[in-house]
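Structure record follows, encoded as structure tokens.
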Amino acid sequence: ASAILANIERESRFDPEAIFHDVNGRISYGICQWNGDRFDALQAFCKENELDYTTLEGQLPFLQYELENDERYAYEKIRYVPDTVDGAFTAAYNWAKYFERCLQYWDGVDQFEMRGILAEQYYWERYPEAVTVRVVFDADGGKCLRRSKFVEQGSAVGLLPVPTMEDAAFLGWFVDG
């Protein structure tokens, strides 16, 4: 996951409508900056499946379709890398090289390596450490529309529900246990 996130960030900053015109006038479009025949394939796939190619709802199914079909080789290059920091680097490097097929050097910077570093130093360290906890709202006999909420451990819960109870005033929530 970290490898793909790092590459999509560099390609489009997660913008499904991102567009780039290269020096030859070709358009690269979407989260993965599909161009040429692959851009045509994105549009055809979405049309055939009644999806909008300008949205994530169209692009993500197409991405999956590519990985299961024409881009299986690229998928195999990341599929079995170890789930480690080094694996995150290798998978991002391979994704850039075999799936994105972006220029390796842009303004003197190795893009494959930069994406590997982004995957290992930014994305990889965040997803395995995230622990989600369930916060339960016990209205103690009252009615509460939201009974629980999942949040990342250590983060703020955010907006809290306000319970109701006949002939009672809500004074606030407290932590139990």
For this session: Inspect the surroundings of CZ in Phe45 and state if more than 12 heavy atoms from other residues, nucleotides or ligands are less than 6.0 Å away.
Result: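 Above 12, so yes.
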Exercise. Are there more than 12 heavy atoms of other residues, nucleotides or ligands under 6.0 Å from atom CD of Glu50?
Worked result: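 Open: at most 12 neighbouring heavy atoms sit under 6.0 Å from CD of Glu50.
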With a cut-off of 3.5 Å and sequence neighbours excluded, list every side-chain donor-acceptor pair involving residues 54-63.
unit_1	atom_1	unit_2	atom_2	d
Thr54	OG1	Asp52	OD1	2.7
Thr54	OG1	Asp52	OD2	3.1
Thr55	OG1	Asp52	O	2.8
Thr55	OG1	Glu57	N	3.4
Thr55	OG1	Gly58	N	3.2
Gln59	OE1	Ile31	N	2.9
Gln59	NE2	Pro16	O	2.7
Gln59	NE2	Tyr53	O	2.8

With a 4.5 Å cut-off on side-chain heavy atoms, are [Y] and [X] touching?
| X | Y | result |
| --- | --- | --- |
| Ile78 | Ile4 | yes |
| Ser2 | Tyr122 | no |
| Cys32 | Phe99 | yes |
| Lys97 | Lys77 | no |

For this session: Please collect all salt bridge (Lys or Arg N to Asp or Glu O under 4.0 Å) contacts where either partner lies in residues 99-112, sequence neighbours excluded, each pair once.
Result: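 The answer is Glu71-Arg101.
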Problem set entry | With Asp22 via side chain to side chain contact (heavy atoms under 4.5 Å, CB included) - residues at least two apart |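 Testing Asp22 for side chain to side chain contact (heavy atoms under 4.5 Å, CB included), a comparison that skips the adjacent residues, returns Phe20, Asn24, Arg26.
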Problem set entry | Under the side chain to side chain contact (heavy atoms under 4.5 Å, CB included) test, residues paired with Leu5 that sit two or more places apart |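 Checked Leu5 against side chain to side chain contact (heavy atoms under 4.5 Å, CB included); matches are Phe14, Tyr123.
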Problem set entry | Contacts of type side-chain hydrogen bond (donor to acceptor under 3.5 Å, both in side chains), residue Ser28, not counting sequence neighbours |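 Once residues adjacent in sequence are excluded, the partners of Ser28 under the side-chain hydrogen bond (donor to acceptor under 3.5 Å, both in side chains) criterion are Asn35.
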Exercise. Counting N and O atoms only, with roles assigned by atom type, does the side chain of Gln33 sit under 3.5 Å from a partner on the main chain of Ala18, one being a donor and the other an acceptor?
Worked result: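 At least one qualifying donor-acceptor pair exists.
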Exercise. Is a side-chain N or O of Asp70 found less than 3.5 angstrom from the main chain of Glu66, in a donor-acceptor match?
Worked result: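 Pair absent, no side-chain N/O of Asp70 close to backbone of Glu66.
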Exercise. Looking at Tyr65, does the NZ or CZ of Arg72 lie under 6.0 angstrom from its six-membered ring centre and within 45 degrees of the ring axis?
Worked result: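 Arg72 over Tyr65 ring: no.
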Exercise. In the hydrophobic clustering that connects Ile, Leu, Val, Met, Phe, Trp and Tyr at side-chain heavy-atom distances below 4.5 Å, which members other than Tyr93 occupy its cluster, ordered by chain and number?
Worked result: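 Grouped by the 4.5 Å side-chain rule, Phe89, Phe112, Ile117 form the rest of the cluster around Tyr93.
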